[in-house]
Amino acid sequence: MNGKGETFSEDIFDYIKVGEDEDDINAVEIPCEHDGTLLLSTLVAQFPGACGLKYRHPETKSIRGIRLNDGKLHPPTEAGWGKNLYICVFPKENKRKMDDVSSENSAAKTKRLEKKLTCSDLICLGLPWKSTEESIKQYFEQFGEVVMVQLKKDKNGSFKGFGFIRFATYASQMRALAQRHNIDGRWVDVRIPNSKEGVVPQMPCKVFVGRCTEDMTADDLREYFSSFGEVTDVFVPRPFRAFGFVTFLDPEVAQSLCGEDHVIKGASVSVSSAAPKIKNKSNQNWKDDSYGPNWDGNRSGPSGGPNNGGLMNCDKKR
DNA sequence: GTTGAGCGTT
């Protein structure tokens, strides 16, 4: 409310200065889109493995997270990105000690971390007949690097309408699985193939945030927790019940936060597993019912498509 | 050259 304009000029920059840490030397200027947002894919192109952005507020000296929604990073103010130096957020990197912030080191660690997370092939159902492997690759590259595209054809060479893709990073895979896709006017379902069912390890992406105060909105929770990784969903019960749920794109991020206390808006909140402590006996698998990743409702398509996408493959064949 | 739920070899 206090209008301290400071050094904010009216200049609108098409490029955003981004670094792996607060050192200007390694900073890279990255172009943003016409609507003012920065595509995560653009960021990842320069900083492989990055999952978000944060920056240090000039006055409060505290780190602020940048809102990320559907792969788009939104500027912190209406005025735009300004001259701030934005810092890449890598999965779980925040959980590291701050005494070792070598940029090359963190990048290497991130790469290693990504290899730990298993990527699987994804099946794409309902592809347009005119699809080519290049067109499909181009479409899915908005979610991250695509390392494989295979469109299945008949003996005659005629396209069968489905195919398989593979992303380079687990985060990209998650992002693609989180929604239905409209390719060339057709709704395309991207799922984990039946052959890989139960093979792909899944941990809860959702955490329980207790001791929330009344002035904590879903927006506040998202803004705060976005500095630890991409937040895909926030739920705050209304009327206020002193708790909330935050869903991360990366289950590793969610798990790393569990058991910790965090300070939001001056109040201490407790982060714990979103899974009820009393569950059915012998529940070691995180897949299936109950508290699977709730990535529904992100995009209610024009046709009001059923949420048969995502990982919720609940057909228990056998 | 047609078609529209499904599950991948080269």
Side-chain angles (χ1 to χ4, degrees), chain A residues 41 44 48-49 70-71 111 114-205 232 247 249-251 283-318:
Chain A
S41 55
V44 174
D70 278 342
K111 287 239 170 137
E114 283 172 14
K115 285 182 179 176
K116 239 181 64 180
L117 302 173
T118 342
C119 270
S120 74
D121 294 354
L122 305 177
I123 186 169
C124 302
L125 266 21
L127 294 172
W129 300 118
K130 23 182 168 177
S131 297
T132 66
E133 297 188 341
E134 292 121 17
S135 70
I136 295 305
K137 180 176 183 179
Q138 280 181 8
Y139 170 81
F140 283 106
E141 270 175 348
Q142 64 181 298
F143 304 100
E145 183 186 353
V146 178
V147 297
M148 189 275 299
V149 174
Q150 276 192 345
L151 300 188
K152 292 306 169 187
K153 299 172 184 174
D154 227 344
K155 313 170 191 108
N156 307 333
S158 53
F159 181 38
K160 291 205 277 188
F162 74 99
F164 293 87
I165 64 173
R166 191 183 184 93
F167 286 100
T169 69
Y170 192 68
S172 306
Q173 170 170 329
M174 286 305 181
R175 206 171 293 118
L177 282 169
Q179 66 180 251
R180 292 232 299 177
H181 303 269
N182 195 307
I183 304 179
D184 208 14
R186 284 193 55 88
W187 287 107
V188 176
D189 286 332
V190 178
R191 309 174 189 170
I192 290 182
N194 292 334
S195 55
K196 299 286 168 51
E197 197 175 4
V199 179
V200 180
Q202 278 302 314
M203 304 164 74
C205 300
T232 59
T247 307
L249 187 65
D250 189 350
N283 232 1
Q284 205 170 4
N285 52 341
W286 286 309
K287 281 186 71 71
D288 222 329
D289 57 25
S290 300
Y291 58 105
N294 278 354
W295 294 324
D296 52 347
N298 249 359
R299 282 257 178 108
S300 302
S303 64
N307 55 344
N308 49 357
L311 296 177
M312 319 271 291
N313 260 346
C314 294
D315 44 32
K316 302 183 178 173
K317 293 179 181 175
R318 204 99 279 279

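Being a predicted model, the structure only gives us computed values, none of them experimental.
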Pairwise side-chain contact, Phe167(A) with Val147(A), heavy-atom cut-off 4.5 Å (strictly under):
no
Search all heavy atoms of Pro193(A) against all heavy atoms of Phe164(A) and return the closest pair with its distance.
CG-CE2, 3.9 Å
Nearest whole angstrom, please: distance from the C1' of dG6(B) to the CG of Leu125(A).
5 Å
Distance in angstrom units between Arg191(A) CZ and dA5(B) P, rounded
11 Å
Once side chain to side chain donor-acceptor pair (under 3.5 Å) is applied, do any residues pair with Gln150(A), and if so which ones, sequence neighbours excluded?
Lys152(A)
Using a distance-only criterion (donor-acceptor N/O pair, under 3.5 Å, no hydrogens), is the base of dG8(B) paired with the side chain of Lys160(A)?
no
May I have the list of side-chain donor-acceptor pairs in residues 132-140 of chain A shorter than 3.5 Å, sequence neighbours left out?
residue: Thr132(A); atom: OG1; partner: Ser135(A); partner atom: N; Å: 3.0
residue: Thr132(A); atom: OG1; partner: Ser135(A); partner atom: OG; Å: 3.3
residue: Glu133(A); atom: OE2; partner: Leu151(A); partner atom: N; Å: 3.2
residue: Ser135(A); atom: OG; partner: Thr132(A); partner atom: N; Å: 2.9
residue: Ser135(A); atom: OG; partner: Thr132(A); partner atom: O; Å: 2.9
residue: Tyr139(A); atom: OH; partner: His181(A); partner atom: ND1; Å: 2.9

Measure the distance from CD on Glu133(A) to P on dT10(B) and round it to the nearest whole Å.
16 Å
From CZ of Arg186(A) over to P of dT3(B), roughly how many Å is that when rounded to an integer?
12 Å
Specify the residue among Trp129(A) and Asp121(A) whose closest nucleotide of DNA chain B lies further upstream toward the 5′ end.
Trp129(A)
Once you round it to whole Å, what is the distance between C1' of dG8(B) and CZ of Phe159(A)?
13 Å
Gap between atoms CG and P, on Asp189(A) and dG4(B) respectively (whole Å)
17 Å
Does any N or O in the side chain of Thr232(A) come within less than 3.5 Å of the main-chain N or O of Thr247(A), such that one atom is a donor and the other an acceptor?
yes
Considering only heavy atoms, which members of residues 150-157 of chain A lie under 4.0 Å from some atom of DNA chain B?
Gln150(A), Lys152(A)
Please work out if Leu127(A) contacts a base, only the sugar-phosphate, or nothing of the nucleic acid, heavy-atom cut-off 4.0 Å.
base
Send over the distance from Phe162(A) CZ to dT9(B) P, rounded to a whole Å.
7 Å
Quick check: on DNA chain B, is the nucleotide nearest Met148(A) upstream (toward 5') of the one nearest Gly161(A), or the reverse? Name the residue that is more 5'.
Gly161(A)
Only counting residues at least two apart or in another chain, list the ones meeting side chain to side chain contact (heavy atoms under 4.5 Å, CB included) with Lys155(A).
none
State whether the side chain of Asp154(A) and the backbone N or O of Gly157(A) hold a donor-acceptor pair below 3.5 Å, judged by distance alone.
no
